[in-house]
Every structure is written in C-alpha cells, then in structure tokens.
Amino acid sequence: MGLAEVSNILWREREMLELLLFKLDEEQLILTSSRTRWLARATKEVEMVLEEIRRTELARAVEVDNAGTVLGLGPNPSLTRLADAAPEPWPDLLRDHRVAFLALTAEITELAAHNRDLLTSGQLAARDALLSFTGEERTYSPTGATVTSGPRPRLLDEAM
C-alpha cells in the first residue's frame, strides 16, 4: 500500500533530520572549543546529510503524490490532509510524523542560527586580528557606516 511506503520514507527522513541535528551539534562543539582544525570536515558532513535529505524529500514527494491520488486528494497533499483522509491505523502515525518534523525543524533552525552566529563572530575576530597587524582599525562613521582608518604611527621601545 502507498501509505506504508510513505511512512517508511518519513521514518528515513526523520532519521536524516536527527543525523543533521547531531552534525550541527558536532559543528557547534568544534566552534565553541576554538579547535577549528576539523571545522571544514564537520561542515562537509553537514552538507552531505543535507544532500541525502534532499534525495529523501524527493522520494517522499513522489510517494505522497501517489498516496494522495489513491485517496482522491490530488497532487502534493500535506501530511495533515493525508492523515485526515487515510484509513486506520495511518492517521495517528502520520500526525506523529508531522509533530516530530515540526520539533526537529525547530531544533535544527535554532542550532543552525547559533552556529552561524559563532562563525560570524569568529570571522570578525580573525579580521580584526589581521587588521591590528596592518595598523588599521575598523570604526563607525557618524552615519553608522563601517570605515577603516589608515595606518597609525606606532611607538617602539628599542630598549626592550
């Protein structure tokens, strides 16, 4: 039956989302530990999981369309519409999948935003460190725009 295949794909997709959550958590641990040696690898693993999720979503879309056609819902029905039209025992299972997807998506969104903030602050700190070597500073103009000052004279104590 089409709903069994839909459910199997939804389970697989949930597993992929949990793996993505794990990989984002892993990435965050690397970022917060300041041991960025493995950051590129962690980011690559996140991208690989995202690619697998895209493939799974495509398979889900095909199966949901097939199930929607069988149930008379037309193409691309939502999980809620599918659950409302499905015979027992599928409605509860499909609703459970939906609730799990909403929870996982919220967690992933929050963690990804936090990682993005960590990456941005790390990039800004690195840029400021590099600018300090050149003697330039980034400040703000009266209009609020970011400006870079030219090199400033430095005093060097030759007695040291």
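Arg14 and Asp96 are not joined by a salt bridge, as no carboxylate oxygen comes within less than 4.0 angstrom of a charged side-chain nitrogen. A salt bridge links Glu52 with Arg55; the closest basic N to acidic carboxylate O contact falls under 4.0 Å. Note on Arg54 versus Glu51: salt bridge recorded, some NZ/NE/NH1/NH2 to OD/OE distance being below 4.0 Å.
The line from CG of Leu17 to CG of Leu21 is 9.0 Å long, rounded to the nearest 0.5 Å. With values rounded to the nearest 0.5 angstrom, Leu24 atom CG is found 12.5 Å from His114 atom NE2. Atom-to-atom distance recorded for Glu15:CD and Leu104:CG is 11.0 Å, nearest 0.5 angstrom. To the nearest 0.5 Å, the span separating CG on Leu20 from CD on Glu47 amounts to 11.5 Å. Distance CH2/Trp90 to CZ/Arg95: 14.0 Å, rounded to 0.5 Å. Note that the CG atom of Leu73 and the CG atom of Leu82 stand 6.5 Å from one another [nearest 0.5 Å].
One N or O on the side chain of Asp65 and one on the backbone of Asn76 form a donor-acceptor pair closer than 3.5 Å. Put simply, the side chain of Thr36 never gets that close to the backbone of Leu39: no donor and acceptor are under 3.5 Å apart. Looking at Ser33, its side chain does come within 3.5 Å of a backbone N or O of Leu29 through a donor-acceptor pair.
Heavy-atom contacts from other residues, nucleotides or ligands closer than 6.0 Å to CD of Glu57 number more than 12. Around CZ of Arg98, the count of heavy atoms belonging to other residues, nucleotides or ligands within 6.0 Å does not exceed 12.
For the pair Ile9 and Arg12, the minimum side-chain heavy-atom distance is below 4.5 Å. Side-chain contact between Leu93 and Trp11: present, with at least one pair of heavy atoms (C-beta onward) separated by less than 4.5 Å. Contact of the Val64 side chain with the Ser78 side chain is not registered, since no non-hydrogen atoms from C-beta on lie closer than 4.5 Å.
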>> Is there a salt bridge (charged side-chain N to carboxylate O under 4.0 Å, His left out) between Lys23 and Glu26? Walk through the geometry before answering.
In response: CA-CA 5 Å; Lys23 291 298 179 183; Glu26 205 173 49; 3.3 Å; yes
> Hey, mind stepping through Leu79 and Leu10 against side chain to side chain contact (heavy atoms under 4.5 Å, CB included) and telling me if it holds?
Replying inline: CA-CA 10 Å; Leu79 271 180; Leu10 292 173; 3.7 Å; yes
> Given Ile30 and Arg35, is the side chain to side chain contact (heavy atoms under 4.5 Å, CB included) satisfied, shown in steps?
Replying inline: CA-CA 6 Å; Ile30 291 169; Arg35 296 180 62 196; 5.6 Å; no
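In terms of heavy-atom proximity, Ala86 sits nearest to Leu94 at CB-CD1, 4.2 Å. The two residues Pro87 and Leu3 make their nearest non-hydrogen contact at CD-CD1, 3.8 Å. The two atoms that bring Pro77 and Gly74 nearest to each other are CD-O, 3.6 Å, heavy atoms only. Heavy-atom minimum distance, Met16 versus Val49: O-CG1, 3.6 Å.
Residues Leu50 and Phe22 are members of one and the same hydrophobic cluster, defined by side-chain heavy-atom contacts under 4.5 angstrom among Ile, Leu, Val, Met, Phe, Trp and Tyr. In the hydrophobic clustering of ILVMFWY residues, with side-chain heavy atoms under 4.5 Å counting as a link, Trp38 and Leu31 come out together.
Here the rule is side chain to side chain contact (heavy atoms under 4.5 Å, CB included) with Thr105, and of Ile108, Leu102, Thr109 only Thr109 fits it.
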